[in-house]
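What follows is a single structure, written as structure tokens, with notes after it.
To find a chain, count down the sequence lines: A is the first, B the second, and so on, and within it residues start at 1.
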Amino acid sequence: MQLANTAIVLDFETTGLSPDMGDRAIEIGAVKIVDGEIVDSFQALMNPGRRVNSFIESYTGISNAMLAEAESCEIVMQRFADFCQGFNLVAHNTSFDKKFLDAEFKRINHSYSGHFACSLLLSRRINQDAPNHKLGTLVEYHQLPNDGVFHRALADATMTAHLWNHQLALLQQQLPNKAITFELINQISKRSKAQVSRYLLSL
DNA sequence: TGCCAGGCCCTCTTTAGGGCCTT
């Protein structure tokens with residue numbers, strides 16, 4: 001049984017949307033949560049070996065000059081592999097971050113095992129009254145801690161960690177006698193919107 | 001220089017289309 005309150009919450013900034021189209025990671029941020037407490041963090045810019053376009057510079061605040069001085073993706077990802085070793089993973093819109101994690105790990109012949117849960121999918125299930133499920137909206141909607149920085153990897157990962165803890169607390173309120181595990185969260189996330197209330201009541 | 005993706009999920013669905021999310 002793997003409790004969901006121990007995890008690595010991660011976020012990538014990238015050159016674009018698709019590693020299959022040649023996009024690379026330019027920054028990774030992650031926080032380590034153990035028993036619901038943030039106990040460690042990881043942040044690094046990484047040089048993708050190509051220039052990023054003006055949209056990405058503007059969107060993230062990460063400039064080509066900053067990346068020119070950064071370590072290579074390979075060096076950073078090796079350090080991150082050590083950081084996340086043995087932990088389950090969480091991201092906001094996992095389908096995006098997992099693509100880049102897999103692609104960058106593949107370049108260093110590394111792979112991970114374990115669960116990869118998604119705070120976006122979970123939000124669509126357990127916060128159906130939220131105006132939308134963008135990370136920034138959910139931080140405001142749930143009045144979660146933030147320092148006003150968005151679209152930087154560690155800031156986004158930290159906000160996602162607070163969101164994750166909040167979501168686990170909401171689930172625990174609904175299921176006071178149930179262990180909130182990764183297996184349970186992925187079962188909830190798989191249900192349709194219409195099914196999820198009945199599923200929670202059945203537990 | 002400009003352009004690019006894809007998984008999830010709803011519905012006016014399933015022989016499909018389009019919005020939501022992520023950079």
Q: Whole angstrom is fine here: how far is it from CG in A/L135 over to P in B/dT22?
A: 7 Å
Q) A/F100 near the nucleic acid: base, sugar-phosphate alone, or nothing, with a heavy-atom cut-off under 4.0 Å? A) nothing
Q. What is the distance, rounded to the nearest whole Å, between atom NE2 of A/H151 and atom P of B/dC21?
A. 13 Å
(Q) Heavy atoms only, 4.0 Å cut-off, all strands: where does A/S189 land among base, sugar-phosphate and nothing? (A) sugar-phosphate
Q. Given atom CG of A/D97 and atom P of B/dC8, what is their separation to the nearest angstrom?
A. 14 Å
(Q) Measure CD/A/E27 against P/B/dT23 and give the value in whole Å, please. (A) 11 Å
Q | Residues, nucleotides or ligands: over 12 heavy atoms within 6.0 Å of A/R191 CZ | A | yes
Q: Remember a base hit wins even if backbone is also touched, and classify A/T60 as base, sugar-phosphate or nothing at under 4.0 Å, heavy atoms.
A: sugar-phosphate
Q) What's the CG-P distance between A/L10 and B/dT22, to the nearest Å? A) 14 Å
Q | Under-4.0 Å salt bridge between A/K178 and A/E183 | A | no
Q: Would you indicate what A/D11 reaches in the nucleic acid, counting non-hydrogen atoms under 4.0 angstrom: base, sugar-phosphate, or nothing?
A: sugar-phosphate
Q) Within the structure, does a side-chain N or O atom of A/R125 lie under 4.0 Å from either OP1 or OP2 of B/dC9? A) yes
Q. Starting at the 5' end of DNA chain B, which residue's closest nucleotide do you reach first, A/Y59 or A/N53?
A. A/N53
Q: Please state how far atom CD in A/Q128 lies from atom P in B/dC10, giving the value in whole angstrom units.
A: 8 Å
Q) Can a donor-acceptor pair be found between the side chains of A/T15 and A/D23 at a distance below 3.5 Å? A) yes
Q) Looking across every strand, which nucleic acid part, if any, lies under 4.0 Å from A/K193 by heavy atom: base, sugar-phosphate, or nothing? A) sugar-phosphate
Q) Is the CD atom of A/Q187 crowded by more than 12 outside heavy atoms at less than 6.0 Å? A) yes
